[in-house]
Amino acid sequence: MSDDFRPASDFLAVLTERGFLHQCSDLAGLDLLAKSGDLVAYIGFDCTAASLHVGSLVQIMLLRWLQKTGGKPIALMGGGTTQVGDPSGKDESRKILTLETIAANKDGIKRIFSKFLTFGEGRHDAIMPDNAEWLGALNYIEFLREVGRHFSVNRMLAMDSVKMRLERDQELSFLEFNYMCLQAYDFVELHRRHGCVLQMGGSDQWGNIITGIDLGRRMGASQLYALTSPLLTTASGAKMGKTAQGAVWLEESMLPVFDYWQYWRNCEDQDVGRFLKLFTELPLDEIARLEALGGAEINEAKKVLATEATAMVHGREAALRASEAARKTFEEGALAESLPAIEIARGEVEAGLGVLTAFVKAGLVASTGEARRQIKGGGLKINDRTVEDERAVVGLGDATDDVVKLSLGRKRHVLLKLV
RNA sequence: GGGGGAGUGUCCCGAGCGGCAAAGGGGGCGGACUGUAAAUCCGCUGGCUACGCCUUCGUAGGUUCGAGUCCUACCUCCCCCA
């Protein structure tokens, strides 16, 4: 990618300025297309989970910006390819899911997308096709003859994703090996059906995308383009969107809004600017101002990041509630209504609920054994008072307005609500 | 088909003369320091009705007072020969 390239299209301008661009097959050509206002682009998402998590957020934002700058986004559901598995960068083959699971997952993912994109029938409305529509109908012999003949096994073997697996002596099944052919075919098919000329994705998808461009040329499609975004890690090298508790889901039922807000609030200093550009839509000069904050002041920038990023997914109202809950909890030490809560029968507390069980029930610790250890390490608190004795009991006296606050460490809190 | 090697704590890697709840790391969690950051230091990192009990070393049997460790069969993976 040449550094001196000055995009004329809004789309590429935004991408460049905000740090979405890693690699592009033909920046100038794509710029021209984007400027014409008829750019149709797609990103593929597999349906291995019931929702999307932060790891996919860059791609989601790419599609959102595309639509905002006058293009037509296609969020391709990999209903067909999910049945196969992608060797790219993965150390292990992925599990094969049942059709029912895949269908359910697709619904969840659709819900997330509708928060970021405008769907419809219009020229610039987003669409969400499923490659099962065409892959399912494929006939093996026909596929080999029409599509398979264009693939060079020599070249496929030379691809990094494949080479890695071979060098490490890791099993690469024929099934998985075919993944890239199917993905390439998707690109061509989307071009036929919807005039899609650009496939975007994370940088690990570069090889697969290029293969699609190649196939397009051989099968007589017009010039196709590839554009990848950088693979995101945090400043200290961890993968985005994963915590010990699991993925940072974009679905409220899988991750409370409060926790989502906290995820961003707790990012590393060095990531704030980068994340503001990628995951919020604040103007760049505002971001530059926030980024310039030093020392403890950077916390203000993190709060803005958290609230803005949360608002994108869960709505501004919910984001502000999470922000307020955090303020009360951390800055005032007060009891905030909107912390994650679980309900518990009044009778149980009346009878005296052991601390150990209480924390297990709240899901803050996995077992009473862990609860004991945490108490030993001074990690558990009831209503902000450190639990000293593992035989302590939570009673009605601990409840204020029928609520008891349980904490693990300084950051994780759960309310016990008596019902 | 023949010969050789490997599979360990349900996050991962990895030691393990027949007494082993099993070394060491990484990761994670908690504590201290800070700014709800990073770095650093310290502690914890099978389960339970808990000075005891129960379940763990690919699977199933066997030897033994006692097996991750020895024997047998089986499964899986890797290497060499064909």
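Reckoned from all heavy atoms, side chains included, excluding hydrogens, waters and symmetry mates. Owing to the predicted nature of the structure, the values given are computational and were not obtained by experimental measurement. Order of the sequence lines fixes the chain letters, A, B, ..., with proteins taken first and strands second; residue numbering starts at 1 for each chain.
- Using a cutoff of 4.0 Å between basic side-chain nitrogens and carboxylate oxygens, Asp259(A) and Arg412(A) are not scored as salt-bridged.
- The C1' atoms of rC44(B) and rG25(B) are separated by 16 Å, rounded to the nearest whole Å.
- Because its glycosidic torsion is more than 90° from 0, rC71(B) is reported here as anti.
- Within the 4.0 angstrom heavy-atom criterion, base atoms lie near Arg265(A).
- If you take CD of Glu297(A) and P of rU36(B), they are 14 Å apart, rounded to a whole angstrom.
- Although no hydrogens or angles enter the test, the distance criterion places a donor-acceptor pair under 3.5 Å between the side chain of Arg18(A) and the main chain of Lys277(A).
- The separation of rU45(B) from rG24(B), taken at their P atoms, amounts to 11 Å, rounded to a whole angstrom.
- Pair check for rC44(B) finds rG28(B); Watson-Crick or G-U wobble, both atom distances under 3.5 Å.
- Among the nucleotides rA38(B), rG30(B), rG35(B), the one closest to the side chain of Lys302(A) is rG35(B).
- When the nearest nucleotides of RNA chain B are assigned to Val360(A) and Ser323(A) by heavy-atom distance, the more 5′-ward of the two goes with Ser323(A).
- Between the NZ atom of Lys376(A) and the C1' atom of rG30(B) there is a distance of 13 Å, rounded to whole Å.
- Anti is the conformation of rC57(B), whose glycosidic angle sits further than 90° from 0.
- As rounded to the nearest Å, rG3(B) and rA67(B) have C1' atoms that lie 29 Å from one another.
- Comparing rC71(B) with rG18(B), their C1' atoms are spaced 13 Å from each other, to the whole Å.
- Under the 4.0 Å criterion applied to side-chain N and carboxylate O atoms, Lys405(A) and Asp384(A) are assigned as salt-bridge partners.
- Ranking rA38(B), rC44(B), rG35(B) by closeness to the Asn299(A) side chain, first place goes to rG35(B).
- With sequence neighbours excluded, no residue forms a side-chain hydrogen bond (donor to acceptor under 3.5 Å, both in side chains) with Lys110(A).
- As rounded to the nearest Å, rU72(B) and rU63(B) have C1' atoms that lie 11 Å from one another.
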Any protein N or O atoms within reach of nucleotides 49-51 of chain B? Criterion: under 3.5 Å, listing atom names and distances.
unit_1, atom_1, unit_2, atom_2, d
rA50(B), N7, Arg372(A), NH2, 3.3
rA50(B), N6, Arg372(A), NE, 2.6
rA50(B), N6, Arg372(A), NH2, 2.9
rA50(B), N1, Arg372(A), NE, 2.8

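- Residue pairs satisfying the salt bridge (charged side-chain N to carboxylate O under 4.0 Å, His left out) criterion with at least one member in residues 282-298 of chain A, sequence neighbours excluded, are listed as follows: Glu286(A)-Arg289(A).
- Straight-line distance from the CH2 atom of Trp264(A) to the P atom of rG35(B): 25 Å, rounded to whole Å.
- A distance of about 26 Å separates the P atoms of rG61(B) and rA22(B), rounded to the whole Å.
- Glu251(A) has its side chain within reach of Ile112(A): a pair of non-hydrogen atoms, C-beta onward, lies under 4.5 Å apart.
- In this structure, the side chain of Arg64(A) engages the main chain of Phe116(A) through a donor-acceptor pair within 3.5 Å.
- For rU56(B), there is no paired base (Watson-Crick or G-U wobble, both distances below 3.5 Å).
- Computed from coordinates, the Phe275(A) CZ to rA38(B) P distance equals 12 Å when rounded to whole Å.
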Applying salt bridge (Lys or Arg N to Asp or Glu O under 4.0 Å), run through Glu370(A) and Arg373(A) and close with a yes or a no. CA-CA 5 Å; Glu370(A) 189 187 338; Arg373(A) 281 180 232 120; 5.5 Å; no

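- As judged by a 4.0 angstrom heavy-atom cut-off over every strand, Ile298(A) is placed among the base-contacting residues.
- The nearest whole Å value for the distance from the CD atom in Glu390(A) to the C1' atom in rC44(B) is 14 Å.
- Protein atom CD of Gln374(A) is 12 Å distant from nucleotide atom P of rC44(B), rounded to whole Å.
- Note on Ser367(A): a side-chain N or O is less than 4.0 Å away from OP1 or OP2 of rC48(B).
- Panel note: side chain Ser407(A), backbone Gly409(A); no donor-acceptor pair is recorded below 3.5 Å.
- For rU36(B), the base has a donor-acceptor partner in the side chain of Gln262(A) [N/O atoms by modelled type, under 3.5 angstrom].
- Across all strands shown, rG1(B) forms a Watson-Crick or G-U wobble pair with rC81(B), both key distances being under 3.5 Å.
- Nearest-nucleotide positions on RNA chain B place Leu380(A) closer to the 5' end than the other of Lys411(A) and Leu380(A).
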Please set out all donor-acceptor pairs under 3.5 angstrom arising from side-chain atoms of residues 210-217 of chain A, sequence neighbours excluded.
unit_1, atom_1, unit_2, atom_2, d
Thr211(A), OG1, Gly207(A), O, 2.7
Asp214(A), OD1, Arg217(A), NH2, 3.0
Asp214(A), OD2, Arg155(A), NH1, 3.2
Asp214(A), OD2, Arg155(A), NH2, 3.3
Asp214(A), OD2, Arg218(A), NE, 3.4
Asp214(A), OD2, Arg218(A), NH2, 3.4

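- When Watson-Crick and G-U wobble pairs are counted only if both distances are under 3.5 Å, rA50(B) pairs with no nucleotide at all.
- As rounded to whole Å, 13 Å separates atom C1' of rG47(B) from atom CG of Leu356(A).
- Comparing the P positions of rG4(B) and rA73(B) gives a spacing of 13 Å, expressed to the nearest Å.
- Between Asp125(A) and Lys72(A) there is no salt bridge, since none of the side-chain N atoms of the basic residue sits less than 4.0 Å from a carboxylate O of the acidic one.
- rA15(B): no Watson-Crick or G-U partner with both key distances under 3.5 Å is found in any strand.
- Taking every side-chain heavy atom of Lys381(A) into account, rG31(B) is the closest of rU36(B), rC44(B), rG31(B).
- Comparing the P positions of rG58(B) and rC12(B) gives an interatomic distance of 14 Å, to the nearest angstrom.
- Nucleotide rA6(B) has rU76(B) as its partner under the Watson-Crick or G-U criteria, with both atom distances under 3.5 Å.
- One can place CG of Leu305(A) at 16 Å from C1' of rG35(B), the figure rounded to the nearest angstrom.
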Using a cut-off of under 3.5 Å, enumerate the N/O to N/O pairs linking the protein to nucleotides 53-56 of chain B.
none

Side-chain donor-acceptor distances from residues 135-144 of chain A under 3.5 Å, at least two apart:
unit_1, atom_1, unit_2, atom_2, d
Asn139(A), OD1, Ile141(A), N, 3.0
Asn139(A), OD1, Glu142(A), N, 2.9

